[in-house]
Amino acid sequence: MRMYDIIKKKRDGGELTREEIGFFIGGVTDGSIPDYQITALLMAIYFRGMTVRETCDLTFAVRDSGEKVDFSAIKGIRADKHSTGGVGDKTSLVVAPVVASLGLKVAKMSGRGLGHTGGTVDKLESIDGFRTTLSDEEFIGQVNGIGLAIVGQSKQFAPADKKLYALRDVTATVDSMPLIAASIMGKKLAADDDCIVLDVKTGSGSFMKSVEESRALARLMVDIGKSAGKKIVALITNMDRPLGYAIGNSLEVIEAVETLHGRGPEDLTEVCMTLAGRMLSLAGYGTPEACMQMARRTLSDGSAFRKLLEAVGTQGGDPRLIEDPGRFPRAKFSFSVQSVSEGYIRRVDTEEYGLASLALGAGRNTAEDKIDFSAGIFLRKKTGDHVRKGEEIATLYSSDREKFAPAAAKLLAATEIGSERPEEEALVYDIVE
Ligand code: URA
């Protein structure tokens, strides 16, 4: 079999066989296919798409690309959530400790930033000393001990996805339904959790811009999960605006901690409680509504906050940063972005907000880039808010002053201001079971 022929077949709209997909993923995993051929096929898939059968075969090949980690040593019900990616999406940092504090076992393998979206692993690495790499024994031991561990993908775990993820990130091939489905479900099935809740983002800041596309992606992933015998549900949630006010790594950790104290932004808290409620409900704790109330109580009684603190300390992170987020290192410089007109913020291009944060140093432009952990954006105004001319709409943070002007221009261009207040939008559009 030749990679050239596989690329040509997909380029011309053909349907790849299970063997061809297996050959591709095998070559990605053992390094025998060069990056230029991998990315050529990714681009062909981006334009030509894949049938459900091809997507399932790709998912299972990704799942089987690594060594099988034996998670059977973890006692209890294993649950996980996974987001398709958004801007200001720090839900994992809230949801994981909430459900772990109620007894679920969360052995979480998270990703780095992808395209314009942030990643949980990058956020956690903004906590001084936090180790996102643990041995299998440490990982399983921590989950058994305290119910929660969050790590990045190890080399042995679904390695084909690790490679594809990094290449998609820098070749504009992220927002493809089959590639997203195979990436997420390949990992979820390899991790072999009992209960899976997917947060499928929809809108200008997500990879799927319309509710219909997001629903189709959700359906595809839920069907793949069901065919593998998983308890799985997908929520379609609003990403037409950033979630919360903070965009950027340490800024988002600080906002997540505030949320665990019950002082978080309403939209973020609502989405987190809905996700946590669904995870608990899938695990048999009761109806989604009752489970949501249970989840809320972990914020008011401090148990979810204590769980995050415990997990950070156990993974080598400085717990003082979680106890007192004012201790997080500050960005060297800040810059105030002011409105150029008066009115209501009618809509924002959330992807552009994510790209502005990236441009400040909060993400990568190439796979080798180093992240500026304190860089990012703190929004002072969001969609629906009224602004006066000259009023601050956002504060930018970076260790490089030169980055402010282009990021501010991007942010302003992405913010539509008009005289009429926009209609309220739902936070959760749909649930696909
Ligand atoms: N998250 C993933 O893990 N993979 C994707 O392709 C998109 C979001």
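Atoms considered below: every heavy atom in the structure, side chains included; atoms not considered: hydrogens, waters and symmetry mates. We count ligands from 1, going down the list as the structure has it; atoms in each ligand are counted the same way.
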### Message
Taking Gly248's backbone N and O only, do any of them form a donor-acceptor pair with Glu252's side chain (distance below 3.5 Å, no angle check)?
### Response
yes

### Task
Keeping the roles fixed (side chain from Asp267, backbone from Gly244), state whether a donor-acceptor pair exists under 3.5 Å.
yes

### Task
Return yes if a side-chain donor-acceptor contact under 3.5 Å exists between Thr202 and Lys209, otherwise no.
no

### Lys201 side chain to Ser83 side chain, donor-acceptor N/O pair below 3.5 angstrom
no

### Task
Measure from NZ or CZ of Lys382 to the centre of the six-membered ring of Tyr245, then state whether that distance is under 6.0 Å and the direction lies within 45° of the axis.
yes

### Query
Is the NZ or CZ atom of Arg78 both under 6.0 Å from the centre of the six-membered ring of Phe71 and within 45° of that ring's axis?
yes

### Task
For ligand 1, list the protein residues that place a heavy atom within a distance below 4.0 Å of one of its atoms, sorted by chain and number.
His82, Ser83, Thr84, Leu114, Tyr165, Arg168, Ile180, Ser183, Ile184, Lys187

